[in-house]
Amino acid sequence: MLKGEGMTKQKYDTSLVDELIEGEWPSFIADLKQLGERKPQVEQLLGQMNQSYKDLWNYWQGTVLNVDGYGGGVIARYSELSDEYPDIAQFHTIRIIPPSGWVYSTETLRELCDIWDKHGAGIIQLHGMTGDILLLGTDNKSTYEAAEDLMEHGWDLGGSGGALRTLSCCVGEARCEMACFDTIDLTTHLTNTFISQLHRPEFPYKYKFKLSGCANDCSCSMQRSDMPIIGTWRGPMQIDQEEVAKFVQENGSDYVVENVITRCPTDCIQLKDNQIIVDDDNCVRCMHCINVMHKALKPGKDRGATILLGGKRTLKIGDTMSSVLVPFIKLETEADYKKLTDLVERIWDFWGENGMDHERVGEFINRIGLAAFLEGIGLEPDPQMIKHPTTSPYIKFEELSAPKIDGEPVHDPAIRNEEVESVESV
Ligand code: SF4
Ligand code: SF4
């Protein structure tokens with residue numbers, strides 16, 4: 001439907017939310033109004049939303065509602081204005097695990113729409129922050145009926161609370177030439193292996209996996225998950241020099257220098273005589289040059305992934321991005337997958353035993369220190385476990401004992417630097 005088309009007069013004041021229909025872009029208010037013509041709860045939802053905008057107050061109260069056998073998956077919402085809006089007195093959301101990589105057939109989407117039209121308000125969000133399919137607007141009784149109907153059709157509830165959350169991944173090898181491992185297969189494997197931890201909260205707080213096939217990180221795993229798994233490669237990048245020459249001919253060498261060579265973060269790529277030369281030891285696999293010259297350059301052949309840990313939104317210590325835990329792991333065989341799931345279990349055991357209530361794993365590491373954490377999970381420290389690149393422009397030397405004058409230590413940095421230089425020159 002076009003913006004605002006076919007709307008009928010509403011019983012409830014929607015003057016403020018109506019303003020969101022104006023403007024260039026399609027508006028969810030226009031869609032909800034259309035839906036409200038046959039779903040009274042949606043009409044009342046708009047009325048309460050308008051009231052919230054007017055009073056600057058959120059009239060939803062949250063609580064827990066569980067389907068038998070599950071400890072999560074339903075986000076229960078009760079309206080504080082149920083006298084005025086009785087049809088949204090209960091307006092719960094059901095989280096559903098989507099197909100890995102979000103690959104749907106139209107048949108599947110129609111099935112979901114039909115189920116939700118039957119049991120709920122008909123509002124579907126693809127996809128929520130965690131990656132779930134969100135089915136919005138149902139009451140207590142219909143929640144159970146909808147869950148049964150969904151399960152009969154092969155769908156399953158997603159995670160919520162102190163549990164493993166629904167996994168998400170980029171489309172990976174299914175459609176993308178950059179992928180360094182099969183993101184869809186591993187996401188399905190991890191979901192099936194840890195389905196119990198997903199359905200029954202047993203952790204100090206939530207735990208999210210997101211998988212990206214390469215450092216372009218299309219699943220935003222670095223910012224949005226506790227454990228990002230990001231594809232990378234070892235050894236040399238693949239270079240097709242014929243394609244390099246074609247690219248230079250079509251775009252000019254200045255373009256290549258300006259858009260590829262000078263933008264390499266480690267200055268490890270050169271263009272010489274229309275050929276690309278990469279110093280692979282210093283390449284940090286950032287993907288930039290490959291993104292620009294994707295026919296000429298490709299990730300290397302020895303592919304796998306880097307496992308990171310600790311990303312999350314604001315809680316006890318503010319927003320954090322994940323940092324490297326395992327610099328490289330192969331992800332091709334059952335045995336490779338087993339190594340990964342064993343590591344995950346060791347992390348959960350140690351964090352579960354020692355983490356505080358509502359403490360994400362990144363906050364836990366921040367509290368006890370990385371050294372204690374690595375010892376706890378039985379992982380050797382590695383120089384690549386860095387939180388972020390160094391911000392200090394100074395070279396760090398070994399600590400020397402302070403030089404002494406008349407037997408007294410001298411803390412004057414100028415004198416100490418002289419001492420250091422003399423030691424270095426020896
Ligand atoms: Fe492709 Fe990489 Fe994006 Fe995945 S993260 S879709 S592999 S570019
Ligand atoms: Fe440089 Fe990144 Fe290309 Fe490596 S992948 S050569 S670090 S631009």
Side-chain angles (χ1 to χ4, degrees), residues 98-104 127 131 167-190 208-225 227-241 243-244 247-248 251 253 255-272 274-308 311 321-322 324 327-332 384 386 388-390:
S100 301
W102 300 345
V103 181
Y104 297 89
H127 297 87
L167 288 83
S168 83
C169 65
C170 76
V171 73
E173 285 178 357
R175 293 195 64 189
C176 182
E177 60 194 323
M178 310 291 190
C180 293
F181 71 97
D182 189 341
T183 50
I184 290 184
D185 188 63
L186 183 58
T187 301
T188 307
H189 179 83
L190 290 172
K208 297 179 179 178
F209 284 100
K210 291 197 192 297
L211 286 69
S212 286
C214 76
N216 285 326
D217 197 11
C218 294
S219 72
C220 300
S221 65
M222 280 289 287
Q223 294 84 359
R224 299 181 55 204
S225 68
M227 185 174 250
I229 301 177
I230 301 180
T232 189
W233 68 95
R234 290 186 295 202
M237 182 188 294
Q238 297 185 73
I239 304 174
D240 182 334
Q241 298 292 6
E243 288 292 340
V244 172
F247 189 91
V248 177
N251 299 281
S253 55
Y255 180 89
V256 178
V257 170
E258 269 170 39
N259 293 286
V260 180
I261 309 299
T262 56
R263 298 201 183 187
C264 171
T266 54
D267 209 8
C268 69
I269 186 167
Q270 293 177 52
L271 180 68
K272 242 185 193 172
N274 288 353
Q275 298 223 317
I276 287 281
I277 300 161
V278 175
D279 170 9
D280 289 294
D281 287 345
N282 284 308
C283 165
V284 290
R285 280 70 175 157
C286 78
M287 296 296 295
H288 175 73
C289 59
I290 300 177
N291 290 337
V292 181
M293 303 177 70
H294 53 91
K295 278 190 184 164
L297 307 176
K298 279 195 179 76
K301 287 184 177 161
D302 187 6
R303 298 178 182 194
T306 300
I307 301 174
L308 301 99
M321 291 221 260
S322 299
V324 171
F328 187 85
I329 183 171
K330 293 293 278 184
L331 291 171
E332 285 169 0
Q384 292 174 81
I386 50 164
H388 52 75
T390 179

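All values below come from the heavy atoms of this structure, side chains included, with hydrogens, waters and symmetry mates left out. Indexing begins at 1, ligand by ligand and atom by atom, following the structure's order. When a residue number appears, it is its place in the shown sequence, counting from 1.
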To the nearest 0.1 Å, how far is [atom] from its closest protein heavy atom, and which atom is that?
| atom | value |
| --- | --- |
| atom 4 (Fe) of ligand 1 | Cys170 SG, 2.3 Å |
| atom 2 (Fe) of ligand 1 | Cys214 SG, 2.3 Å |
| atom 1 (Fe) of ligand 1 | Cys176 SG, 2.2 Å |

If you define the side chain from C-beta out and look only at heavy atoms, does anything of Cys169 sit under 4.5 Å from Ser219?
no
Is the closest side-chain heavy-atom distance between Lys330 and Asp302 below 4.5 Å?
yes
Looking just at side-chain N and O atoms, do Thr188 and Ser100 make a donor-acceptor pair shorter than 3.5 Å?
yes
So what's near atom 4 (Fe) of ligand 2, protein N, O or S atoms under 2.8 Å?
Cys283 SG
Around atom CZ of Arg234, are there more than 12 heavy atoms from other residues, nucleotides or ligands closer than 6.0 Å?
yes
Minimum distance, heavy atoms only, to atom 8 (S) of ligand 1: which one of Asn216, Leu211, Asp217 is it?
Asn216
Which atoms from ligand 1 have a heavy atom of Ala179 less than 4.0 Å away?
7 (S)
Here the pair of heavy atoms bringing Asn216 nearest to Met287 is OD1-CB, 3.7 Å
Could you check whether the rings of Phe247 and Tyr255 sit parallel, tilted or perpendicular, using 30° and 60° as the cut-offs?
tilted
Working to the nearest 0.5 Å, report the span between [atom1] of [X] and [atom2] of [Y].
| X | Y | atom1 | atom2 | answer |
| --- | --- | --- | --- | --- |
| Met222 | Ile230 | CE | CD1 | 5.5 Å |
| Ile269 | Ile239 | CD1 | CD1 | 7.0 Å |
| Leu167 | Met227 | CG | CE | 11.0 Å |

Metal check, atom 3 (Fe) of ligand 1 vs Cys218 N/O/S, cut-off below 2.8 Å:
yes
